[in-house]
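Below: the structure, in structure tokens.
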Amino acid sequence: MRVPLVAGNWKLHLGPEDAAGVAAELVARVADRGDTRVLLFPTALSIPAVVEAVAGSGIDVGVQNVCAAASGAFTGANSAALARSVGCHWMLAGHSERRHVFGESDADVAASLRAGLDAGLLVVLCVGETLPQRDGDRVSEVVLGQLGAALGDLPADRVSTVTLAYEPVWAIGTGRTATPAQAQEVHALIRGWLRERYPAYVADEVRVLYGGSVKPHNAAELMSQDDIDGVLVGGASLSAESFAAIVHAA
Ligand code: PGA
């Protein structure tokens, strides 16, 4: 039984004061969330404020990106160990904006994911195709290629701790959500890939989230699909009211 996970990716929004405010309001609104896990990815500079605001609530906090190195001459970077030290238990790896805006390669994503796992972080690994790739019938090749490159030869027991997020690039921040059937088709493909490659418990345990213009009005139908185990929410997670509505939809 996969416990649904609803994650908010705040990207480069909400400085410490505003982030703590939204987090505190969220604590008040999702206190009765029952069996759903709730997770926030604030910008790195707001992490300590959010960790403090959600303390004791069961809401988890993660870092949006870490570099492969633990420390050293890496101006502008964050490490998994530092994220842990300020109270993060989770991280994102391979978000489409890291891949497409910051030019992270599959190898960068794989190295970051390993650094996170080694430091004891739980990882949400994002994969997804662009519109030209979808139009060119390359969804399976791109999505499974990204998965294979990031997970590589990680043993099954480590893969089973990773959460996957299918985020079609054309649906992120565009208001154009994949239909529940379109999303389910790719989620089933991912589940099948896990089933082929690893012992059965891996495909049974690994959560696959959907992300890309998830809103309160479409969240329930997306999450009712067999292989959709939660959502990764950008824009609609910036307000406690709409994010709480999505948590309740789970
Ligand atoms: P969106 O972002 O919900 O604003 O489309 C999703 C994401 O980038 O994870």
Side-chain angles (χ1 to χ4, degrees), residues 4-14 18-19 22-23 26 36-44 46-47 50 59-66 88 90-104 109 112-113 116 121-131 133-134 139 142-143 146-147 150 162-180 182-183 186-187 190 207-223 225 228-250:
L5 173 66
V6 176
N9 173 11
W10 287 351
K11 309 191 180 187
L12 187 44
H13 299 288
L14 303 177
D18 292 336
V22 175
L26 210 50
T36 304
R37 299 210 53 176
V38 181
L39 168 60
L40 298 172
F41 291 102
T43 178
S46 295
I47 287 171
V50 173
I59 296 177
D60 276 317
V61 181
V63 62
Q64 295 172 8
N65 184 53
V66 301
C88 288
W90 289 79
M91 64 175 271
L92 287 175
H95 187 275
S96 81
E97 284 144 27
R98 298 303 314 176
R99 294 178 190 267
H100 298 289
V101 181
F102 293 97
E104 281 186 13
V109 174
S112 167
L113 179 145
L121 291 176
L122 292 163
V123 178
V124 178
L125 168 65
C126 306
V127 297
E129 82 287 358
T130 62
L131 195 54
Q133 288 167 337
R134 172 162 282 262
V139 176
V142 171
V143 166
Q146 288 173 342
L147 280 180
V162 174
T163 296
L164 305 177
Y166 169 57
E167 297 204 301
V169 179
W170 47 272
I172 295 178
T174 59
R176 190 180 155 193
T177 326
T179 64
Q182 274 176 327
V186 181
H187 282 237
I190 292 172
R207 286 194 196 93
V208 188
L209 313 181
Y210 169 78
S213 296
V214 175
K215 308 290 176 199
H217 72 85
N218 58 28
E221 203 188 344
L222 283 161
M223 284 186 274
Q225 305 297 308
I228 302 185
D229 307 311
V231 285
L232 178 55
V233 187
S237 70
L238 294 170
S239 125
E241 188 183 355
S242 62
F243 191 56
I246 295 171
V247 174
H248 289 125

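As the structure lists them, so they are numbered: ligands from 1, and atoms in each ligand from 1. Note that the structure is a prediction, hence the values are computed from the model and not measured.
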Over 12 non-hydrogen atoms of neighbours within 6.0 angstrom of CD in Glu221: no
Do you know which two heavy atoms are closest between [X] and [Y], and how far apart they sit?
X      : Y      : value
Val214 : Ile246 : O-CD1, 4.0 Å
Arg207 : Trp90  : NH1-CH2, 4.1 Å
Pro180 : Leu222 : CA-CD2, 3.9 Å
Thr177 : Ala171 : CA-CB, 4.3 Å
Leu14  : Ala19  : O-CB, 3.7 Å

Pairs under 3.5 Å, nitrogen or oxygen of ligand 1 with protein nitrogen or oxygen:
| unit_1 | atom_1 | unit_2 | atom_2 | d |
| --- | --- | --- | --- | --- |
| ligand 1 | 2 (O) | Lys11 | NZ | 3.4 |
| ligand 1 | 2 (O) | Gly234 | N | 3.4 |
| ligand 1 | 3 (O) | Ser213 | N | 3.4 |
| ligand 1 | 3 (O) | Gly234 | N | 2.8 |
| ligand 1 | 4 (O) | Gly235 | N | 2.8 |
| ligand 1 | 5 (O) | Gly173 | N | 2.6 |
| ligand 1 | 5 (O) | Ser213 | N | 2.8 |
| ligand 1 | 8 (O) | Lys11 | NZ | 2.7 |
| ligand 1 | 8 (O) | His95 | NE2 | 2.7 |
| ligand 1 | 9 (O) | His95 | NE2 | 3.2 |
| ligand 1 | 9 (O) | Glu167 | OE1 | 3.3 |
| ligand 1 | 9 (O) | Glu167 | OE2 | 2.6 |

